[in-house]
Amino acid sequence: LALSFAAAMEERYDPKQIEPRWQRVWANERTWEAGEVDDGRPTSYVLEMLPYPSGEPHIGHLKNYAVGDAVAHFHRRTGHRVLHPMGYDAFGLPAENHAIKTGQHPRDSTAESIVQFQKAFRDWGISIDWTREFATSDPTYYRWTQWIFLQLFERGLAYRHEAAVKWCPNDQTVLANEQVIDGRCERCGWEVEARQLEQWQFRITDYADRLLDDLDTIQWPEHVKTMQRNWIGRSEGAEVVFRCEELGTDYPVFTTRPDTLFGATFFVMAPEHPDIERLAAGTGHEDEVRRYVNHALNESVQERGDADKPKTGVALGRTVTNPVNGEQIPMYVADYVLMEYGTGAIMAVPGHDERDHAFAKVYDLPIREVISGGEVPVEEAPYTGDGPLVNSHPDFDGMANRKAISAIVDWLDRDGKGHRSVNYRLRDWLLSRQRYWGCPIPVVHCDRCGIVPVPEDQLPVLLPEIEDYQPKGRSPLDAAEDWVRVDCPSCGGEARRETDTMDTFVDSSWYFLRYCDAMNNQAAWDPAVLARWMPVDQYIGGVEHAILHLLYARFFVKALHDLGHIEAEEPFQRLFTQGMITRDGAKMSKSKGNVVSPGPIIDRYGADTARAYILFIGPPDHDADWSDKGVEGVHRFLGRLWRLSTETAATTPDPPLPAELSAEDLELMRKAHWAIDKVTNDMSGRFAFNTAIAAIMELTNAVSRVREAGDPSPAALRFALGTASSLLFPFAPHTAADAYEKLTGARVWEEPWPAADPRFLERDTYELVCQVNGKVRDRVEAPSGAVKDELEALCMAAPNVQAHVDGHDVLKVIVVPEKLVNVVVR
RNA sequence: GCCCGGGUGGCGGAACUGGUGUACGCGGUCGGCUUAAACCCGACUGUCCCUCGUGGGCAUGUGGGUUCGAAUCCCACCCCGGGCACCA
């Protein structure tokens with residue numbers, strides 16, 4: 001009994017035995033370290049977005065790193081020296097909010113979580129170069145975040161500026177534009193308010209054009225590029241000057257439609273416009289205007305931004321001159337005009353603009369048609385399409401409006417009343433946060449010297465220890481009095497440290513640079529080392545970062561390039577965005593109780609099953625629904641391949657392939673080479689892991705079938721199984737390494753990626769599809785390379801083709817060699 | 001409203017540039033192994049019809065079109081998902 005039990009154990013596929021064994025080999029031998037020395041191999045930098053360490057890793061992490069690891073392994077085995085590092089985006093609000101609740105230092109809760117992530121990555125068998133690991137909250141890292149900040153500061157790319165900013169009343173901090181989703185804080189969902197505050201900004205808008213244009217140089221999913229284009233929102237148009245004669249002030253407006261200038265019947269300014277009070281003064285409208293402005297400024301960002309709400313506004317009691325025709329048009333203040341875009345004032349053309357039309361309807365203002373082509377009169381609905389100009393000017397009437405745009409701008413330009421202009425939706429990146437757990441901004445405020453950067457040799461400015469993490473609308477760092485009080489680095493006098501910290505997106509905007517030279521304590525990196533790896537060849541992460549992180553990182557790389565610190569102008573040459581894993585069609589969440597945790601799955605089936613299943617479930621860029629039964633199917637497959645390999649290795653000799661292949665051997669060899677070809681194609685370029693794994697399943701099934709039905713030679717059997725293991729390695733590395741070693745004695749990761757032998761891909765004959773009028777009627781065996789006439793004859797001779805052709809006239813015959821023949825009859 | 005994706009068996013999905021629709025997996029049915037169950041292994045599995053075959057009709061969201069041939073291309077519409085949304 002003991003013996004048979006042992007024998008049974010021998011045959012069992014046991015990931016609990018297999019996986020730790022190989023993990024130990026890789027750890028002991030430091031297999032996945034990229035090394036420092038250039039050894040002549042082409043390099044490849046494969047990177048997954050670094051995790052935010054909070055609690056335990058979830059199934060989305062597993063997918064992200066399973067995809068990245070498959071790519072990293074494939075690149076290694078196709079001859080590349082691969083950099084595949086790992087780190088942690090460790091500063092951030094969740095750890096701080098946890099600290100507010102529990103008093104546990106964010107550093108400690110983050111460290112606990114990092115341990116969980118490290119364990120998970122090892123349990124999952126992800127091939128990470130651990131020598132480059134760091135957390136962005138390590139002083140040895142954020143020292144250089146501060147250095148980069150100062151680099152940008154010195155070039156004027158980081159600046160302090162007072163403006164209306166987005167404020168989250170729950171998190172008690174300002175937010176970047178990108179962090180406001182539908183008027184709500186992207187972190188906590190509270191309605192965001194507008195506040196007038198002086199804050200730190202990065203001048204990302206200086207890079208708007210390059211961020212836009214260089215999208216053409218990178219291989220990213222088109223929808224991500226589109227999102228970035230829309231976010232940057234470049235609009236070409238003109239700035240046109242309207243003059244208020246009574247006050248003698250000029251008000252430029254930005255318009256994308258100079259062709260409609262003759263249709264401007266009123267003029268609107270944003271409630272925040274600095275001249276509002278001055279304009280209303282002495283008109284009798286002062287009180288009404290003041291009331292309206294106060295009301296508008298107190299609206300929530302969401303209320304204000306709602307395009308469907310009825311238009312409101314009040315007259316200022318002044319007029320401006322329309323520069324194209326000298327007309328005096330009334331001025332209004334209305335909250336549908338935004339101070340942050342253009343000049344904070346617009347010309348209103350109700351005949352050809354939805355918003356102006358709605359406003360004109362409410363306040364009964366004249367509506368004039370200046371572009372013809374609308375189906376209904378412009379009084380009823382604005383016409384926003386193209387057409388010839390009317391009611392404008394003898395020089396322009398009848399001209400196609402597209403043409404008139406430049407004609408009118410040129411004409412205005414000659415008289416100094418306007419000029420071409422470009423506007424962007426993109427705003428500068430507001431980076432300061434009134435929160436504790438972030439990178440301190442390394443500047444000092446001195447009454448005499450103003451803002452003084454902390455000298456480089458005093459970096460890092462360490463985050464001080466504090467007692468109370470509770471946000472109070474000012475940075476909690478304010479409370480660290482001893483830390484705040486400092487001598488001015490410039491004059492030596494009394495000064496105070498900046499107490500705001502940086503947005504965590506600053507930390508993650510350059511981490512991929514640090515990995516290249518992570519242990520450097522003399523500099524953020526050595527440019528020569530960086531040049532070996534950058535840009536990242538393949539970046540992998542969630543599409544939720546399409547704008548935020550992916551735009552900021554591009555900006556950082558461009559700015560650092562301009563400062564002469566790096567060669568690359570783009571951080572990520574290729575981007576892959578993976579889809580979400582859902583359960584029962586819904587996003588996993590604790591409140592829904594539909595969370596699938598990697599831990600129990602791996603405990604039950606092993607990491608290989610979990611990884612391979614996630615890749616097999618469907619195209620990795622799509623969302624996919626988790627199925628417990630599906631996991632079992634993949635587990636069965638891995639077990640089958642492992643058992644077949646183990647048994648074959650134990651029970652058959654290992655002779656060379658016989659010179660004369662039997663039909664069975666040939667079938668196995670063909671299937672193996674077909675699988676090599678298929679998997680290689682699926683891996684290079686496309687990320688078709690699901691069909692790649694399906695091909696390996698087919699190969700394994702073929703082995704089972706042939707072994708069951710016939711008597712293949714051991715060599716063919718071993719080749720087919722070895723090939724299956726070799727191809728499986730990127731998806732299920734432990735099982736594949738184990739099976740491969742048993743079959744060949746070699747380590748699969750040290751083997752080059754298999755190459756398909758064209759002799760086994762070609763076939764002597766193929767199944768020729770015979771169609772009559774486009775419908776498949778028969779199939780016949782045809783010799784490869786047969787010419788048209790032979791194929792036509794073969795098809796015509798097929799019995800079921802005969803049956804359908806009989807009694808009809810053959811009109812023509814379409815022959816597609818190596819595929820089909822279609823007989824067209826009547 | 002605008003801009004992207006996407007609708008294929010009972011389910012997840014496959015079909016590279018128009019050329020065998022439904023690979024692979026799940027589920028289901030039947031069978032083998034077993035005292036039994038689990039595991040494992042094998043066969044079948046879009047749908048309807050009949051004269052039961054090497055048979056025929058119908059099937060890729062809906063309706064048209066192009067083509068010898070359409071899941072794939074074109075037009076219109078419906079549904080689902082995502083992004084943007086008073087940006088002048």
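Computation of the quantities below employed the complete heavy-atom set of this structure, encompassing side-chain atoms and omitting hydrogens, waters and symmetry-equivalent molecules. Just so we're on the same page: letters track the sequence lines, and every chain starts at 1.
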* To do: With heavy atoms under 4.0 Å as the rule, sort A:Val337 into base, sugar-phosphate or nothing.
  => base

* Tell me which nucleotide among B:C24, B:C26, B:G42 gets nearest to the side chain of A:Met697. => B:C24

* Asked: Under 4.0 Å between a side-chain N/O of A:Arg636 and OP1 or OP2 of B:C26, yes or no?
  -> yes

* Watson-Crick/G-U partner (both atom distances under 3.5 Å) of B:U66 -> none

* In whole angstrom, give the distance that lies between atom OH of A:Tyr336 and atom P of B:A85. => 19 Å

* Hey, would you say the A:Tyr332 and A:Phe359 ring centroids sit under 6.0 Å apart? -> yes

* Using a 4.0 Å heavy-atom cut-off across all strands, classify A:Asn690 as base, sugar-phosphate, or nothing. => sugar-phosphate

* Where the side chain of A:His223 is defined as all heavy atoms beyond and including C-beta, which of B:U20, B:C86, B:C4 is the nearest nucleotide? -> B:C4

* Asked: Looking for any heavy atom pair under 4.0 Å, which part of the strands does A:Asn822 touch: base, sugar-phosphate only, or nothing?
  -> base

* Should A:Asp216 and A:Arg229 count as an ion pair when the cut-off is N to O under 4.0 Å? -> yes

* Structure fact -> If pairing means Watson-Crick or G-U wobble with both distances under 3.5 Å, then the partner of B:U47 is B:G57

* Asked: Between A:Lys587 and A:Glu544, is there a side-chain N and carboxylate O pair less than 4.0 Å apart?
  -> no

* Same-atom distance (C1') from B:A70 to B:U66, integer angstrom -> 10 Å

* **Pair A:Arg705 + A:Glu664, salt bridge at N-O below 4.0 Å** => no

* Asked: Which whole number of Å gives the distance between the P atom of B:G27 and that of B:C39?
  -> 10 Å

* If you look at every strand shown and take non-hydrogen atoms under 4.0 Å, does A:Leu338 touch a base, only sugar-phosphate, or nothing? -> base

* Just label B:G83 as syn or anti from its O4'-C1'-N9-C4 or O4'-C1'-N1-C2 angle, using within 90° of 0 for syn. => anti

* So what does A:Gln771 hit on the nucleic acid, given a heavy-atom distance under 4.0 Å: a base, only sugar-phosphate, or nothing? -> base

* Hey, does A:Gly233 reach any base, or is it just sugar-phosphate, or nothing, if we go heavy atoms under 4.0 Å? -> nothing

* Is the side chain of A:Thr260 donor-acceptor paired with the backbone N or O of A:Arg257 at a distance under 3.5 Å, no angle test? -> yes

* At under 4.0 Å between heavy atoms, what does A:His804 touch on the DNA or RNA strands: base, sugar-phosphate, or nothing? -> sugar-phosphate

* To do: Sort out the partner of B:C16 for me: Watson-Crick or G-U wobble, both distances under 3.5 Å, none otherwise.
  => none

* Length of the CG-C1' vector between A:Asp623 and B:G83, whole Å -> 14 Å

* A:Leu820, nearest nucleotide to its side chain (from B:G19, B:A88, B:C24) -> B:G19

* May I have the distance from A:His352 (atom NE2) to B:A88 (atom C1'), rounded to whole angstrom? => 15 Å

* **Separation of atom CG in A:Asp353 from atom C1' in B:A85, rounded to whole Å** => 14 Å

* Asked: The side chain of A:Tyr341 lies closest to which of these nucleotides: B:A88, B:C84, B:U20?
  -> B:A88

* Would you mind classifying the nucleic acid contact of A:Asn423 as base, sugar-phosphate or nothing, using non-hydrogen atoms under 4.0 angstrom? => nothing

* **Closest to the A:Val769 side chain, choosing from B:A88, B:U20, B:C84** => B:U20

* How is A:Arg777 classified with respect to the nucleic acid when contacts are heavy atoms under 4.0 Å: base, sugar-phosphate, or nothing? -> sugar-phosphate

* To do: Please work out if A:Glu354 contacts a base, only the sugar-phosphate, or nothing of the nucleic acid, heavy-atom cut-off 4.0 Å.
  => nothing

* Determine, for A:Lys309 against A:Asp335, whether the closest basic-nitrogen to carboxylate-oxygen distance falls under 4.0 angstrom. => yes

* To do: Among the candidates B:C84, B:C58, B:A88, find the nucleotide nearest to the side-chain atoms of A:Lys775.
  => B:C58

* Quick one: label A:Val776 by what it contacts on the DNA or RNA (base, sugar-phosphate, nothing), any heavy atom closer than 4.0 Å. => sugar-phosphate

* Phosphate contact (B:G81 OP1 or OP2) by A:His622 side-chain N/O below 4.0 Å -> no

* Asked: What's the closest nucleotide to the A:Pro619 side chain, out of B:G13, B:U20, B:C24?
  -> B:G13

* **A:Arg686/A:Asp621 salt bridge by N-O under 4.0 Å criterion** => no

* Whole-angstrom distance between B:G13 and B:G46, as gauged at atom C1' -> 15 Å

* Determine the interatomic distance between P on B:G6 and the same-named atom on B:C68; round to the nearest Å. => 29 Å

* Structure fact -> In Watson-Crick or G-U wobble terms, with both distances under 3.5 Å, the base opposite B:G42 is B:C30

* To do: Determine the contact category for A:Arg640: base if any of its heavy atoms lies under 4.0 Å from a base atom, sugar-phosphate if only primed atoms, P, OP1 or OP2 are that close, otherwise nothing.
  => sugar-phosphate

* **Integer-rounded Å distance: B:C3 P and A:Arg425 CZ** => 16 Å

* What class does the angle between the rings of A:His273 and A:Tyr251 fall in, given that below 30° is parallel, 30 to 60° is tilted and above 60° is perpendicular? -> perpendicular

* To do: Side chain of A:Lys629 only, please: which of B:C26, B:C68, B:G12 is the nearest?
  => B:C26

* To do: Measure the distance from CG on A:Asn773 to C1' on B:U20 and round it to the nearest whole Å.
  => 17 Å

* Opposite nucleotide pairing with B:C84, Watson-Crick or G-U, both atom distances under 3.5 Å -> B:G1

